[in-house]
Every structure is written in structure tokens, then in C-alpha cells.
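Reminder, nothing fancy here: chain letters follow the sequence lines and each chain counts from 1.
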2 protein chains.
Amino acid sequence: MNAAMKEANAGEGLTERQRAVLEQALRLLVDGGEKALTTAGVARAANCSKESLYKWFGDRDGLLSAMIAFQASKVRTLDVTAETLDGASLGAHLVAFAKDLLEVLAGDVSLALNRLAIGQASREGSKLGHLLQERGRRQIGRRAGALLEAGRKAGLLAFEDAEEAYGALYGLVVSDWHLRMLLGEAPGDMKKDFSRRAEGAVAAFLTLYGTKG
Amino acid sequence: MNAAMKEANAGEGLTERQRAVLEQALRLLVDGGEKALTTAGVARAANCSKESLYKWFGDRDGLLSAMIAFQASKVRTLDVTAETLDGASLGAHLVAFAKDLLEVLAGDVSLALNRLAIGQASREGSKLGHLLQERGRRQIGRRAGALLEAGRKAGLLAFEDAEEAYGALYGLVVSDWHLRMLLGEAPGDMKKDFSRRAEGAVAAFLTLYGTKG
DNA sequence: ATGCCATAGTACCGTACGGTACGGTTCGCA
DNA sequence: TGCGAACCGTACCGTACGGTACTATGGCAT
């Protein structure tokens with residue numbers, strides 16, 4: 001594996017070593033929160049030197065940004081193939097999307113990064129917040145947008161503003177669960193309800209935007 | 001004003017002086033985030049001594065908890081009088097509730113306290129998170145619950161699980177706006193849409209749970 | 001007047017963190 | 001084999017914060 005290969009398959013301009021370091025940093029963040037994410041701690045956990053951290057990422061904020069970008073680069077939302085949709089398959093796709101959304105939001109890495117970005121949102125013009133928004137929400141929003149658009153093209157959904165319809169779907173699926181998990185409510189207690197919750201939310205969404213009613 | 005009076009009209013066991021100090025602490029938090037909320041900074045801003053802070057609130061976490069409890073004690077949700085509801089007044093009440101909800105969530109003190117609690121959620125068993133949840137959400141949830149129950153008693157709403165119906169209303173109203181504001185998106189850009197948003201959400205909610213359709 | 005209590009202001013201490021500098025080691029390459 | 005780059009481990013520095021101690025001051029009751 002030459003240098004070009006190393007740089008290529010990361011999705012970002014990162015070497016394997018740097019990705020391994022970011023992985024350890026994420027682990028630290030998940031386990032102990034932002035307070036545990038010290039430069040010395042990352043260096044110790046990843047068996048690298050602080051000097052290398054500063055050389056690679058500039059400063060602590062650069063490390064945080066790199067962690068967000070790295071995590072986002074790992075979560076690739078596979079685009080739905082534009083197959084022919086009928087009522088049942090649209091419903092199934094929507095339920096699958098809803099479950100995935102809940103699973104992603106309840107993931108410990110996602111929760112930790114959201115907590116990190118929110119905690120830093122007051123200062124620094126919320127740079128991390130915008131990064132997280134851009135890298136995370138845009139991706140999953142596109143998948144939903146494509147799905148909704150396909151449903152409309154197939155005559156199964158009726159809406160004028162796709163953004164509004166997506167907002168309704170998101171709200172029905174997530175409600176205040178995300179905030180509650182961010183505030184510390186154990187996700188473990190909730191995960192068993194994800195399926196039921198996703199199905200109920202999709203049923204309500206189809207009542208609002210489906211053409212069958 | 002005697003000592004008993006001082007203690008009485010706060011809603012918490014706080015003297016006027018202590019409430020004034022907490023007010024300054026909230027101001028500091030709103031302006032500069034958690035990083036700006038140092039014991040020395042609070043003492044300087046409130047013209048009090050650090051020793052008094054520790055005497056009154058124990059330690060820094062006690063100060064944070066007191067800030068949350070104090071702020072919650074200020075926001076009293078006036079319970080709706082159980083008047084006779086018709087379709088129009090129920091809709092108006094729901095829209096008013098939705099607007100209030102959005103206004104509260106977009107308030108800078110609310111955002112700052114939520115950011116604070118979320119930032120500390122990883123460690124300490126999320127004590128602040130539970131406190132915020134208990135003091136804030138329960139209040140507004142009760143108001144919504146009473147309203148929904150009144151609507152059902154009047155034959156205007158149909159639902160089996162009030163919690164589920166409330167979750168749908170909340171999701172339709174808030175969607176991901178709260179998270180976006182927590183991540184730093186300027187609330188100023190959104191506030192002008194609150195009315196339209198509240199009305200649309202209530203219309204969708206009535207489509208789902210109203211008895212007219 | 002006098003003693004008591006609460007509190008402001010300040011000085012102080014220990015610690016922990018961000019960031020830098022330096023010696024020693026490994027590895028690729030000529 | 002020798003050289004240089006990258007990097008690890010550690011030591012170091014300045015700063016800032018949480019928390020404590022001490023003094024001074026003003027009000028209040030006896």
C-alpha cells in the first residue's frame with residue numbers, strides 16, 4: 001500500500017494512523033464526555049505523542065472537527081435504488097428509514113458528538129454545530145427527500161413542500177426522544193420501542209400525506 | 001419585609017440576594033456559555049464573594065442546579081381554565097400552546113440551560129438533565145395533557161394513549177428546530193415563522209386526532 | 001457602645017489542561 | 001551503512017479554574 005492508497009480510501013485526507021487516533025478519541029469521548037477528551041488523554045489512549053496531535057490537527061478544536069468529519073465519513077447512507085414503488089413497499093421503506101433514523105440518533109457516538117457540538121455552540125460561532133448539521137443531517141435528509149419524491153412521482157404521496165413533509169415525518173418519528181437521550185435518559189430503555197414507534201409514526205405520516213385516504 | 005417574607009415569595013428557599021446572584025449567573029451563562037460561568041466570574045458580576053457562593057450553593061454543581069431550579073420557578077405555566085370547548089376554541093388553544101412551546105424552546109435562557117445540561121449529561125449520571133426534564137418538560141406536558149383531555153371529553157379529539165398523542169403534537173410542532181437551535185442556528189431567523197409553523201402543525205394534528213375528519 | 005453575624009474583597013493553594021520543546025527510536029531510502 | 005524524516009514519550013511552561021482562608025466592613029440586636 002503506497003502513500004496514495006493510504007490517503008485515498010478514507011474519504012478524508014487522513015492516514016491510517018490518524019484514523020486510528022481519531023477512533024480512540026471518539027472512544028474516549030463516548031466513555032467520558034468532553035471532560036475526558038484531553039490532549040494528553042488522547043495521546044495516551046492512542047499511543048501517540050501530543051506533538052503529533054498538534055502537527056496533524058492544529059489545535060484542540062481542529063481535533064474535534066476532525067473527529068466529526070471522520071465519524072460522518074464512516075456513516076454512508078446507501079441511496080435507495082429508484083425501484084418501482086407500490087403502497088406496501090413505500091410503507092416498508094419509510095418504516096426502514098424511521099428505524100434507521102432512530103438507531104442513528106440513539107447511537108452512543110452520535111449522542112456524544114451532538115453533546116460535544118451543543119456544549120460548544122455558544123462560543124466560536126457554533127462551528128462544530130454547523131459541521132455536524134452539514135455532515136449529518138444533510139445526508140439523512142437527502143435519503144428521506146429522495147424517498148418522498150419517489151413516492152410522489154408514483155402517485156402515493158401528495159405534498160407541495162418536500163421540506164415540510166420531511167419535517168412532519170421527522171417530528172412524528174423522533175418527537176422529543178432525541179433531546180431526552182441527549183439529556184441523559186438511557187437509550188437502552190428505549191430501543192425496544194423503536195419498531196413500534198417507527199411504524200406508528202409512518203402510519204400517521206401516511207394519514208397526512210398519503211393519497212389513499 | 002421580614003425574613004419569613006423573603007423566603008416565601010421565591011417559590012424556592014432563596015433570599016432576594018441569592019436570586020439576584022442567580023440572575024447574574026444566568027446572564028453570564030447566556031452571554032458566554034458554560035466556559036464563562038466561573039465562580040470568580042459570577043462573584044464579580046454579582047458583586048458577591050466566592051465564599052458566599054460556596055456557602056449558599058455548596059459547590060459549582062450546586063450553583064448550576066440552583067440556576068435551573070430558579071429559572072424553572074420563574075416560568076409558571078398558567079393552567080387553562082376548564083371552559084367549554086368547541087372546535088374553534090380548541091384549535092385556538094392548541095395554536096397558542098404550540099406558539100408558546102416554540103417561544104419557550106427558542107428563549108436564550110432555555111437554550112443556554114439545555115446546552116449546559118446536555119454538555120454535562122455524560123458524567124455525573126446526568127443529574128442536571130433529569131432536573132431540567134422534571135422541572136421543564138413536566139410542566140408544559142401537563143398543560144398539553146389537560147388540553148388534550150379536555151378536547152377528548154368534549155368529543156373533539158379521539159385518542160387512546162394521551163402520551164402518544166402529545167408526542168405527535170410535540171413532534172409536529174418542534175420537529176428538529178430545537179436541536180438546530182441548540183447547535184447554534186440563530187433563533188432570530190426562525191421566530192418569524194413560528195405562527196405559520198404552529199398553525200400548520202395544529203392542522204396536521206387535528207387531521208390525525210380530530211373527530212371532524 | 002459593644003459584640004455578633006453576614007458578607008464583600010482579596011489573596012492563596014493545588015491541580016489540571018492546552019500547547020511547546022527536546023531526546024531517543026524506528027523506518028524508509030539512497 | 002549512513003542519513004533524514006516521522007514519531008513516541010516525557011518533561012516543561014503558563015494559565016486558569018475550583019475551592020479555602022483571612023481580613024475588613026456594615027448592619028442589627030442587646
Practice task
May I ask you to decide if A:Ile68's main-chain N or O and A:Arg135's side chain share a donor-acceptor pair within less than 3.5 Å?
Solution key: no
Pairs under 3.5 angstrom only: tabulate donor-acceptor contacts from the side chains of residues 125-133 of chain B to other protein residues two or more places apart or in another chain.
| from | atom 1 | to | atom 2 | distance (Å) |
| --- | --- | --- | --- | --- |
| B:Lys127 | NZ | B:Ser65 | OG | 2.9 |
| B:His130 | ND1 | B:Ser126 | O | 2.9 |

Problem - Lys/Arg N to Asp/Glu carboxylate O, A:Arg60 vs A:Glu34, below 4.0 Å - result: yes
Problem - Exam field: side chain B:Asp176 to backbone B:Leu179, donor-acceptor pair closer than 3.5 Å - result: no
Handout entry: Test item: B:Phe194 and B:Leu101 side chains (from C-beta on) under 4.5 Å apart, heavy atoms
Key = no
Distances under 3.5 Å between protein N/O atoms and the N/O atoms of nucleotides 6-8 of chain C, please, pair by pair.
| from | atom 1 | to | atom 2 | distance (Å) |
| --- | --- | --- | --- | --- |
| C:dA8 | OP1 | B:Arg17 | NE | 2.9 |
| C:dA8 | OP1 | B:Arg17 | NH2 | 2.8 |
| C:dA8 | OP2 | B:Ser49 | N | 3.2 |
| C:dA8 | OP2 | B:Ser52 | OG | 3.0 |
| C:dA8 | N7 | B:Ser49 | OG | 3.3 |

Problem - Expected output: side-chain B:Gln18 to main-chain B:Thr15 donor-acceptor under 3.5 Å - result: yes
Practice task
Anything under 30° is parallel, anything over 60° is perpendicular, the rest tilted; go ahead and classify B:Tyr209 against B:Phe159.
Solution key: perpendicular
Exercise for the section: Go through DNA chain D in 5' to 3' direction and return only the first and the last nucleotide with some atom under 4.0 Å of chain B's heavy atoms. Expected result: D:dC17 to D:dC22
Handout entry: Spacing of CG belonging to A:Leu22 relative to CZ belonging to A:Arg27, to within rounding of 0.5 Å
Key = 15.5 Å
Contacts under 3.5 angstrom, residues 49-57 of chain A side chains, donor-acceptor by atom type, not counting sequence neighbours:
| from | atom 1 | to | atom 2 | distance (Å) |
| --- | --- | --- | --- | --- |
| A:Ser49 | OG | A:Ser52 | N | 3.1 |
| A:Ser49 | OG | A:Ser52 | OG | 3.0 |

Problem - Contacting residues from residues 32-40 of chain A, given that a heavy atom lies under 4.0 angstrom of DNA chain D - result: none
Practice task
Applying salt bridge (Lys or Arg N to Asp or Glu O under 4.0 Å), name anything that partners B:Asp193, two or more places apart in sequence or on another chain.
Solution key: none
